[in-house]
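To start, the structure under review is shown below, and the notes come after it.
Side-chain atoms are counted along with the backbone in the values below, which use heavy atoms only and exclude waters and symmetry mates.
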Protein chains: 2
Amino acid sequence: MDKPVRPSRVTIRTVAADAGVSVAAVSKVLRNAYGVSEALRENVMQSIEKLGYRPSTAARGMRGRTFTVGVLLVGMDNPFLPPLVGGFKRTMAKAGYNTLIGVGEARTHVESALIESMIDMRIDGLLLIAPRIGGEVLERYASQVPVSVIGHHEHTVTTFDTANIDDCMGGRIATEALLAKGYRDIAMLSLIYNRRKEGQVWYERERGYRAAMTDAGLETSIEIVRIAERPEEMQPQLHELLARPDRPEAFFCWSDIHGVPLINLARRENNSVPGDLGLVSFDNTAPAALPLVDLASIDQSPDRLGALAADQLISRIKGRTDARHDLIEPSLALRPSY
Amino acid sequence: MDKPVRPSRVTIRTVAADAGVSVAAVSKVLRNAYGVSEALRENVMQSIEKLGYRPSTAARGMRGRTFTVGVLLVGMDNPFLPPLVGGFKRTMAKAGYNTLIGVGEARTHVESALIESMIDMRIDGLLLIAPRIGGEVLERYASQVPVSVIGHHEHTVTTFDTANIDDCMGGRIATEALLAKGYRDIAMLSLIYNRRKEGQVWYERERGYRAAMTDAGLETSIEIVRIAERPEEMQPQLHELLARPDRPEAFFCWSDIHGVPLINLARRENNSVPGDLGLVSFDNTAPAALPLVDLASIDQSPDRLGALAADQLISRIKGRTDARHDLIEPSLALRPSY
DNA sequence: GTGAAAGCGCTAACAC
DNA sequence: GTGTTAGCGCTTTCAC
């Protein structure tokens, strides 16, 4: 009474029997392998259709490919992710791959557990989006399965691929847009960090900001304000920032994660944006585009980025062993917030 | 050169050899089965630890449980989903289950393919969130794997479980909130549909709206405006609605999917909300809570809903065969939009 | 309490 | 061009 009753499964053997051929023949038809006559293929396909046969991914995983790839997300909350995953999925689907997603909840050990679990299911490839775990650990996983990483600049690594937008250039473009409007006292809103900053997207964006300020001869005005990521901590920090007597004229926000709450709070506290405050943000997510928000933001072409990572993964699954580290050019979604 | 080299895997046999016991013994320790001495268990655990052994989910799937469950999402865009999936994941994790997610892209055949793929991986259970496919097809899947469904009222079905908030009551609460403020000419914004309406959440919400209006003696004022879901089509329809000479005083929106764009557009076109227009929406997603939006919305307690579905699935995996159809009570997130 | 052995459904050599 | 067969890594009787 403890084991649910299931109708006995249609296996490759059922199909073989029905079509009057060997299991090897069926397997070959399934995998489009060479050495099957048109007649046999037709015959087998008919049986498959008739019996509603579907190969067991689990069993496949024990020998060859599962035709399934995994995606690891930090969390589901960032509205930047849906279009990215969409672009990835579509490209993988065209190549005949299924996509399964795991959510790491921004906790390192959950993330590792999920990655291992996917590897243990014998997925054929793995896309990691803004993983918390560092390069060395990633290399270990990359030795077990083809890996592509988005949101983590590792240009020297050879064991896995990376796809990113040029975050440094994005920071530069955003800052230069503010400079072109005449702002001079421009600060950047970035992230509080406790781990290594090299390779992090926000750090690259900081580099772009610094470069643009320096080129404009404003290195003395460079100021990076670090704000928490979790809403409860972020709000009071943003509030405090807006109340500063020496508040900068304008902010470049490393992400809409900070940018959208900031413009909301600023306007709510009767600052006109632009006017009292200039704001350019990063990621160009849906909330930034809401008419009541209307926040200028650097666009990452997330769908293209996802498709790019998919291309990398596909070619790596096919056998490529040298690394690709691709960058996409960012652009600014112009909106009247600065 | 076409096959990537992988270090040979640590299998159950490696562990058995290292610990000097049989594979059966290792398997039993792994599954906490009866009939293993404390000494043997200790011994095996040590080898597992030492070798960094992880059982292959794929191989497990061929015989027993995979300790993995699947979630099928319509799409990733709805900000209502992250907290729901979070609640589900956490409860499943406590029971020792991994959660993998598939995205159906609101297309029926993608959805079916994904469900079948997960079943073919031998997941132990399946959570379907607002599936496009109908009850009959769901029953077929439910015969292959334990299934729980959110966002689809099917109170009579016995082969799978459902977890929902009481959408009808939600519609009633929202409408009554508007009535209490003195609005009388209240319309509802709902969905254009081409498939069956029974069991759909928006239809349940419509029922609640109708009931509240009728109870208030306003059945003659009942009006349901149907709006498209895709942004490109939605925008002009909302615009047209706001421009109507006989525009109702207030709207109950079936979801923030319509509610958030509507309040944005209304204010952008210089309507004061509330004042010129009263608005109560449904789902209480993050964008509704933005200070510049500040839209009253029915809260579904998505985390509790996810946890509820997880409980259902766990008990069904354990062998329960009678159906559970649970409802959660909705509440109104009070905000000054009406 | 422990181990030997028979599969689970598939793929891929290899033989015919 | 087609079939035979040996596993893949695990679970699970059933002897001992």
Side-chain angles (χ1 to χ4, degrees), chain A residues 2-3 6-44 47-48 51-68 116-117 119-124 144, chain B residues 2-3 6-44 47-48 51-68 116-117 119-124 144:
Chain A
D2 214 6
K3 49 179 66 174
R6 305 238 192 295
S8 77
R9 232 189 117 75
V10 177
T11 76
I12 198 171
R13 240 173 283 276
T14 325
V15 177
D18 182 89
V21 300
S22 73
V23 289
V26 180
S27 175
K28 278 185 184 153
V29 171
L30 246 38
R31 290 171 294 122
N32 287 310
Y34 291 111
V36 279
S37 69
E38 197 45 53
L40 189 148
R41 138 171 259 94
E42 198 57 41
N43 181 8
V44 169
S47 288
I48 290 180
L51 299 168
Y53 166 72
R54 282 161 6 215
S56 150
T57 312
R60 279 189 152 172
M62 292 195 63
R63 304 301 262 102
R65 315 250 71 103
T66 53
F67 294 102
T68 302
E116 293 180 352
S117 159
I119 293 178
D120 295 344
M121 284 196 134
R122 298 291 183 281
I123 48 153
D124 296 340
Q144 302 174 54
Chain B
D2 213 4
K3 50 179 65 171
R6 304 240 193 297
S8 75
R9 231 188 119 76
V10 177
T11 77
I12 197 170
R13 238 173 286 277
T14 326
V15 177
D18 182 88
V21 300
S22 73
V23 291
V26 179
S27 174
K28 280 187 185 148
V29 171
L30 245 39
R31 290 171 296 119
N32 289 309
Y34 290 111
V36 278
S37 66
E38 198 45 52
L40 189 148
R41 138 170 259 93
E42 198 57 42
N43 181 11
V44 169
S47 288
I48 289 180
L51 299 168
Y53 167 71
R54 281 160 9 214
S56 151
T57 312
R60 280 191 151 172
M62 292 195 62
R63 302 303 261 101
R65 315 251 71 101
T66 53
F67 294 102
T68 302
E116 293 181 352
S117 159
I119 293 178
D120 295 344
M121 285 195 136
R122 298 292 183 282
I123 48 154
D124 296 340
Q144 303 175 53

Mind calculating the distance between [atom1] ([X]) and [atom2] ([N]) to the nearest angstrom?
{"X": "B:Ile119", "N": "C:dG9", "atom1": "CD1", "atom2": "P", "result": "15 Å"}
{"X": "B:Leu30", "N": "D:dT11", "atom1": "CG", "atom2": "C1'", "result": "10 Å"}
{"X": "A:Phe67", "N": "C:dC10", "atom1": "CZ", "atom2": "P", "result": "14 Å"}
{"X": "B:Arg41", "N": "C:dG1", "atom1": "CZ", "atom2": "P", "result": "13 Å"}
{"X": "A:Leu51", "N": "C:dG9", "atom1": "CG", "atom2": "C1'", "result": "15 Å"}
{"X": "B:Glu38", "N": "C:dT2", "atom1": "CD", "atom2": "P", "result": "11 Å"}
{"X": "A:Arg54", "N": "C:dC10", "atom1": "CZ", "atom2": "P", "result": "11 Å"}
{"X": "B:Arg122", "N": "C:dC10", "atom1": "CZ", "atom2": "C1'", "result": "11 Å"}

[N] OP1/OP2 closer than 4.0 Å to side-chain N/O of [X]:
{"X": "B:Arg31", "N": "D:dT12", "value": "yes"}
{"X": "B:Ser27", "N": "D:dT11", "value": "yes"}
{"X": "B:Arg60", "N": "D:dG9", "value": "no"}
{"X": "A:Ser56", "N": "C:dC8", "value": "no"}
{"X": "A:Thr11", "N": "C:dG9", "value": "no"}

CA sep, side-chain torsions, deciding dist, call: A:Asn43, A:Val29, side-chain contact (heavy atoms from CB on, under 4.5 Å): CA-CA 10 Å; A:Asn43 181 8; A:Val29 171; over 6 Å; no
Decide side-chain contact (heavy atoms from CB on, under 4.5 Å) for B:Tyr53 and B:Ile12; before the verdict, give the C-alpha distance in whole Å, the side-chain angles of both, and the deciding distance to 0.1 Å. CA-CA 8 Å; B:Tyr53 167 71; B:Ile12 197 170; 3.8 Å; yes
So, B:Asp124 side chain and B:Arg65 main chain: donor-acceptor pair closer than 3.5 Å or not? no
I want to verify a distance call: between [options], whose nearest atom is closest to the [X] side chain?
{"X": "B:Arg63", "options": "D:dT4, D:dT11, C:dT2", "value": "D:dT11"}
{"X": "B:Met62", "options": "C:dT11, D:dC10, C:dC8", "value": "C:dC8"}
{"X": "A:Ile12", "options": "D:dG1, C:dC10, D:dT12", "value": "C:dC10"}
{"X": "A:Ala59", "options": "C:dG9, C:dT2, D:dG3", "value": "C:dG9"}

Which part of the nucleic acid does A:Ala25 contact within heavy-atom distance under 4.0 Å: base, sugar-phosphate only, or nothing? sugar-phosphate
So A:Val23, base contact, sugar-phosphate only, or nothing? Heavy-atom distance under 4.0 Å. base
Distance (rounded to the nearest 0.5 Å) between [X] [atom1] and [Y] [atom2]:
{"X": "A:Thr66", "Y": "B:Met121", "atom1": "OG1", "atom2": "CE", "value": "5.0 Å"}
{"X": "A:Thr68", "Y": "A:Arg122", "atom1": "OG1", "atom2": "CZ", "value": "13.0 Å"}
{"X": "A:Arg41", "Y": "A:Leu30", "atom1": "CZ", "atom2": "CG", "value": "9.5 Å"}

With side-chain contact (heavy atoms from CB on, under 4.5 Å) as the test, would you mind laying out the steps for B:Lys28 and B:Leu40 before giving the verdict? CA-CA 10 Å; B:Lys28 280 187 185 148; B:Leu40 189 148; over 6 Å; no
Which is it for B:Thr11 and B:Thr14 under the side-chain contact (heavy atoms from CB on, under 4.5 Å) test, yes or no, and what are the steps along the way? CA-CA 5 Å; B:Thr11 77; B:Thr14 326; 3.5 Å; yes
Between protein and nucleic acid, restricted to nucleotides 14-16 of chain D and to nitrogen or oxygen atoms under 3.5 Å apart, what atom pairs and distances do you find?
none

